[in-house]
Amino acid sequence: MAHWLMKSEPDVYGIHHLRADGTNMWEGCRNFVVRNYIRDEMKVGDRALFYHSNVPPIGAVGVMEIVSEAYPDPTQFDPNSKYYDATSKPEKPKWYVRDVRYVETFPRVVTLAEIKEHPVLSVSQVGRKGNRLSVSRVTDEEWAIFMELGHRTS
DNA sequence: GCCAACGTTGGC
DNA sequence: GCCAACGTTGGC
């Protein structure tokens with residue numbers, strides 16, 4: 001089973017929204033690397049860190065699970081959506097989504113500052129300087145560290 | 001609000 | 001196919 005980290009701005013869609021919704025579509029990816037992760041590489045049952053970007057405290061705040069196969073992102077065909085893409089045609093969609101299910105909110109945030117200081121997490125995909133991908137890979141080793149830090153109670 | 005990083009677009 | 005210009009992301 002692979003692991004992922006998925007970014008969202010908490011005032012747009014935060015983990016509290018997913019907790020309330022239970023399951024939701026992860027919409028709006030408009031980057032080809034991320035599209036390929038979502039469409040081709042994720043598997044049902046994979047788990048992902050929910051990461052809050054832009055608004056402090058920035059960092060990994062909880063866990064969700066991938067619960068659907070990839071399907072075309074409906075917002076790309078909706079002229080009223082901010083994610084509308086006039087260059088994408090229904091017979092050949094450019095952008096895909098997965099449904100995700102809420103699993104848990106960490107007792108504490110694993111902050112970006114902590115990620116950058118950590119010998120292992122600092123060289124992870126999300127920890128590297130200049131990484132702007134909204135979805136990134138998390139190795140098994142990194143995942144275990146995130147779980148430990150997110151549940152630390154000392 | 002600024003700016004570094006980097007993806008995308010479009011001229012050639 | 002190259003690359004400059006531009007737009008976006010996201011940390012600070």
Side-chain angles (χ1 to χ4, degrees), chain A residues 2-21 24-42 46-66 70-100 102-139 141-143 145-152:
Chain A
H3 293 114
W4 306 93
L5 178 146
M6 300 167 78
K7 295 180 183 176
S8 185
E9 298 188 30
D11 44 2
V12 176
Y13 194 82
I15 195 163
H16 49 291
H17 295 112
L18 184 61
R19 185 174 53 204
D21 292 341
N24 200 17
M25 178 176 79
W26 197 268
E27 67 184 27
C29 146
R30 296 294 182 268
N31 168 285
F32 288 108
V33 173
V34 172
R35 191 279 308 272
N36 293 346
Y37 286 167
I38 291 172
R39 188 189 60 182
D40 306 332
E41 299 194 35
M42 284 180 173
D46 281 357
R47 294 209 159 183
L49 294 162
F50 199 124
Y51 177 97
H52 283 173
S53 63
N54 277 325
V55 181
I58 293 167
V61 295
V63 178
M64 55 193 165
E65 181 178 350
I66 309 302
Y71 59 95
D73 184 343
T75 64
Q76 70 195 304
F77 306 126
D78 176 4
N80 298 316
S81 171
K82 67 170 178 169
Y83 299 121
Y84 178 62
D85 182 352
T87 70
S88 184
K89 299 295 164 212
E91 59 275 18
K92 199 184 178 196
K94 278 190 184 174
W95 310 112
Y96 284 78
V97 293
R98 298 268 183 165
D99 291 339
V100 296
Y102 175 82
V103 175
E104 67 165 332
T105 301
F106 289 148
R108 59 181 293 278
V109 178
V110 183
T111 64
L112 180 60
E114 256 180 297
I115 292 168
K116 285 183 168 171
E117 283 170 8
H118 192 281
V120 173
L121 299 186
S122 60
V123 294
S124 70
Q125 192 174 7
V126 70
R128 286 200 290 264
K129 190 179 173 188
N131 170 42
R132 296 182 312 152
L133 295 181
S134 60
V135 176
S136 44
R137 299 173 177 283
V138 175
T139 68
E141 181 189 19
E142 292 156 7
W143 182 265
I145 294 166
F146 273 112
M147 291 304 115
E148 202 267 321
L149 292 177
H151 293 104
R152 180 171 287 174

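In what follows, chains are A, B, ... by sequence order, proteins preceding strands, each numbered from 1.
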Colleague: Answer with yes or no whether the side chains of A:His118 and A:Glu142 bring together a donor and an acceptor at under 3.5 Å.
Modeller: no

Colleague: If you check the A:Leu112 side chain, which of C:dC12, C:dG10, B:dT8 turns out closest?
Modeller: C:dC12

Colleague: Ignoring hydrogens, what is the shortest heavy-atom contact between A:Arg98 and A:Met42? Give both atom names and the distance.
Modeller: NH2-O, 2.8 Å

Colleague: With distance as the sole criterion, is a donor-acceptor pair present between the side chains of A:Asn24 and A:Tyr13 under 3.5 Å?
Modeller: yes

Colleague: With respect to the phosphate group of C:dT8, does any side-chain polar atom (N or O) of A:Tyr83 fall under 4.0 Å of OP1 or OP2?
Modeller: no

Colleague: For A:Asn36 and A:Tyr96, which I'm curious about, is there any donor-acceptor pair between the side chains at under 3.5 Å?
Modeller: no

Colleague: Among A:Asp78, A:Val97, A:Ile38, which residue satisfies the side chain to side chain contact (heavy atoms under 4.5 Å, CB included) criterion with A:Asp73?
Modeller: A:Val97

Colleague: NE2 of A:His52 versus P of C:dG11: gap in Å, rounded?
Modeller: 12 Å

Colleague: Taking CG from A:Asn31 and C1' from C:dT8, how many angstroms apart are they, rounded to a whole number?
Modeller: 11 Å

Colleague: Less than 3.5 Å apart, any donor N or O on the side chain of A:Gln76 or A:Ser88 sitting next to an acceptor on the other?
Modeller: yes

Colleague: Provide the closest heavy-atom pair for A:Ser81 versus A:Thr75 in the form atom of the first, atom of the second, distance.
Modeller: OG-CB, 3.5 Å

Colleague: Which protein N or O atoms sit under 3.5 Å from an N or O of nucleotides 1-6 of chain C?
Modeller:
none

Colleague: What is the distance, to the nearest angstrom, from the CD atom on A:Glu9 to the P atom on C:dT9?
Modeller: 8 Å

Colleague: Once you round it to whole Å, what is the distance between P of C:dT9 and CG of A:Asp11?
Modeller: 14 Å

Colleague: Within less than 4.0 Å of OP1 or OP2 of C:dC12, is there a side-chain N or O belonging to A:Lys116?
Modeller: yes

Colleague: I need the CD1-P distance between A:Ile58 and C:dG10, as an integer number of Å.
Modeller: 10 Å

Colleague: Are A:Trp95 and A:Phe32 close enough that their ring centres sit under 6.0 Å apart?
Modeller: yes

Colleague: Could you state the atom-to-atom distance from CZ of A:Phe32 to C1' of B:dT9 in whole Å?
Modeller: 11 Å

Colleague: Under 4.0 Å from any atom of DNA chain B, heavy atoms only: list the residues of residues 128-138 of chain A that qualify, in numerical order.
Modeller: A:Lys129, A:Gly130, A:Arg132

Colleague: Do A:Trp26 and A:Asp99 pair up side chain to side chain, a donor and an acceptor below 3.5 Å, judged on atom types alone?
Modeller: no

